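Quick caveat: nothing in here was measured; it's all calculated off a predicted structure. One-based numbering along the sequence shown. Note that ligands are numbered from 1 as they come in the structure, with each ligand's atoms numbered from 1 the same way.
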Amino acid sequence: MPNTGQGASAHDWWRTAAIYEVYVRSFADGNGDGIGDLAGVRARLPYLAELGIDAIWFAPWYPSPMADAGYDVADYRAIEPLFGSLAEAEKLIAEAHALGIRIIIDIVPNHGSDQQEWFVAALAAPAGSAERARYHFRPGRGPAGELPPNDWPAMFGGPAWSRAPGSGGGPDGASVGGPAEWYLHLFSPGQPDFNWAHPDVRAEFASVLRFWFDRGVDGFRIDSAGLLAKDPALADLGPARDGLDPDLPPRASAGPGRAALDSPAAHPFIDRDEVHGIYRDWRRIAASYSTDRVLIGEIWLPDHERLARYLRPDELHSVFNFDFLCCAWEAPALREVIDATLDSHARVGATPTWVLSNHDVVRHVTRYGRAETAFSMSDRRIGAPSDLQLGTRRARAAALLTFSLPGGVYLYQGEELGLEEVQDLPEELLQDPTWERSGHTERGRDGCRVPLPWTTSGPSLGFGTAAPWLPQPQAWSQLSVEAQEGERDSMLTLYRSALELRRSLPALGAGSRLDVRWLDLGDDVVAFSREPGFTLVLNVGGEPVQLPPGEVLLASGPLTDGRLPADAAAWLATG
Ligand code: GLC
Ligand code: CA
């Protein structure tokens, strides 16, 4: 049976779950073509069960032209042929369930693919047609409509508008009855934004949710969940806020940033009030199956109060805590973000989540080894020097912090091996659209998507039998599962032990705001206790710290004379 966590009944399993993100393309290659696939995942399910996770979240596995690594979905009811088939996905779901692992899949509702049936039909249809109404088509500005309809920037660089070929219904782009229209894409041109004010769009996604719930999927991770609703007037952002928030998903263009959120409700596409109605509908659909089907939002909002609105009891079950991910390795900053998270979630009765890495951000071993440890999407600092030994020590400590906080945790494949960001991939292999769209100034996210090392040798360190789609650093041989298995001091062993303890200790699990009692062990120390009898101490500073009385259950590294050194954490059983 799936782990239900301490104090959580089966139907609210998600409140305490450890959810592991599988980025299919880079997890394991079952058929030897160098690209990860479902056969690879099926073969490694026992590994995931042993790791001690409760659920897998799959990054998009749908057929896709891969303009944005699958976040451009061409068919929401099928599996990308490179990855496998629908029948295989159904087997995978059943096999995972048999091992006590639930399945969350990505859903991408903000935009589709430019090769999806609806969009192909929209391009073929004239301006003003019913087909085009499902997207945001508009005439351009300027005498011949040669300028984009408004000033919105795309997250991967360039304008958020592309001119429609064939616009106006004429052959080969010639227009019949007017200049060619433009279509909106907040991401790449291959990802046209849906018009969520259109009933077809709402009905289509309701049906897609049911399609996968019917196949046993336990929930959805909702991509770009805060962006679906658009200002019907598509008004300019204007000079005061002509950019996106820096903490929104990847974008290449420089921009002013947080000004974009000065009055969030009025922003033309971020966090508009209308979006909540969509998630109320979705919650009803999920609940019509059972109360343990969940909805998880990817929402980048620095405003905790606004974020918490998505977690009202009739909306989403949880959201990713990106503020925690972005936080600098400094005790006051960490305490502050933890406090703010606990407060805002407590107010709506939601449980927080804690996340250090995912397929969009620089791996945290690398972040924590840099001089500047805070992370921002708008400045990934690829190539900035990083002390990987220091980063690894901090990553070990961060894992113990994360796993001891109340709520759910998200792991990104490979963090349990201590993988770093690969910052020197050959330019000709870079696939992230950011690279092209930024005019080759931003390398993008490929460095956290390098295939996993499973064995110490072989053409792809056990990833598959062929060379992998992105090359792995040779040093990863020593970070492979094979190399770390059974090693007392390895990252893998730390993760396995911590996840196992997290399940068995009554103090760990969902908990509540009141449940975290801060301890004052100095400015550079993050320390709290939880009932019954558990204490976490994390030393972020320079001097070793005297631990409070209690038995050390787990430590991220060796203690010096019973004291906790800098960049280390310990779990204690305290009275
Ligand atoms: C989300 C995904 C990211 C993708 C973007 C557009 O931020 O995590 O990988 O590029 O949405 O779908
Ligand atoms: Ca393959």
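Closest to the Ca ion (ligand 2) among the N, O or S atoms of D29 is OD1. Within D37, the N/O/S atom positioned nearest the Ca ion (ligand 2) carries the name OD2. Considering just the N/O/S atoms of D33, the one nearest the Ca ion (ligand 2) carries the name OD1.
When non-hydrogen atoms are compared, ligand 1 lies under 4.0 Å from the side chain of R221 (C-beta onward) but not from its backbone.
Applying the 4.0 Å criterion to heavy atoms of S224 picks out, from ligand 1, the atoms 1 (C), 11 (O). With ligand atoms numbered from 1 in the order given, ligand 1 contributes 2 (C), 3 (C), 8 (O), 9 (O) to contacts under 4.0 Å with heavy atoms of H359. Numbered from 1 in the order shown, with element, the atoms of ligand 1 that lie under 4.0 Å from a heavy atom of H111 read 6 (C), 12 (O). Near F156, with a cut-off below 4.0 Å to any heavy atom, the atoms of ligand 1 are 10 (O). In the vicinity of R445, heavy-atom distances shorter than 4.0 Å reach the ligand 1 atoms 3 (C), 4 (C), 9 (O), 10 (O).
For W454 and F27, the gap between ring centers is short of 6.0 Å. Checked against the 6.0 Å centroid criterion, the rings of W57 and F320 qualify as a close aromatic pair.
Between Y76 and Y62, the angle of the ring planes lies from 30° to 60°, which puts this pair in the tilted group. Ring orientation note: the planes of F205 and W282 are close to parallel, at an angle under 30° on the 30°/60° scale.
Between D37 and R42, no side-chain nitrogen of the basic residue sits less than 4.0 Å from a carboxylate oxygen of the acidic one, so the salt-bridge criterion is not met. A salt bridge between R309 and D271 is absent, with no side-chain N of the basic residue lying under 4.0 Å from a carboxylate O of the acidic one. Here D281 does not pair with R283 in a salt bridge; the nearest charged N to carboxylate O distance is not below 4.0 Å.
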_Go through it in stages, so that I can follow the logic: the residues are E204 and R134, the test is salt bridge (Lys or Arg N to Asp or Glu O under 4.0 Å), and I'd like the CA-CA distance, side-chain angles, deciding distance and then a yes or no._
CA-CA 11 Å; E204 171 66 0; R134 294 163 172 159; over 6 Å; no
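Ligand 1 has no nitrogen or oxygen under 3.5 angstrom from a nitrogen or oxygen of W300.
For the Ca ion (ligand 2), the set of nearby N, O or S atoms under 3.0 Å includes one belonging to I35.
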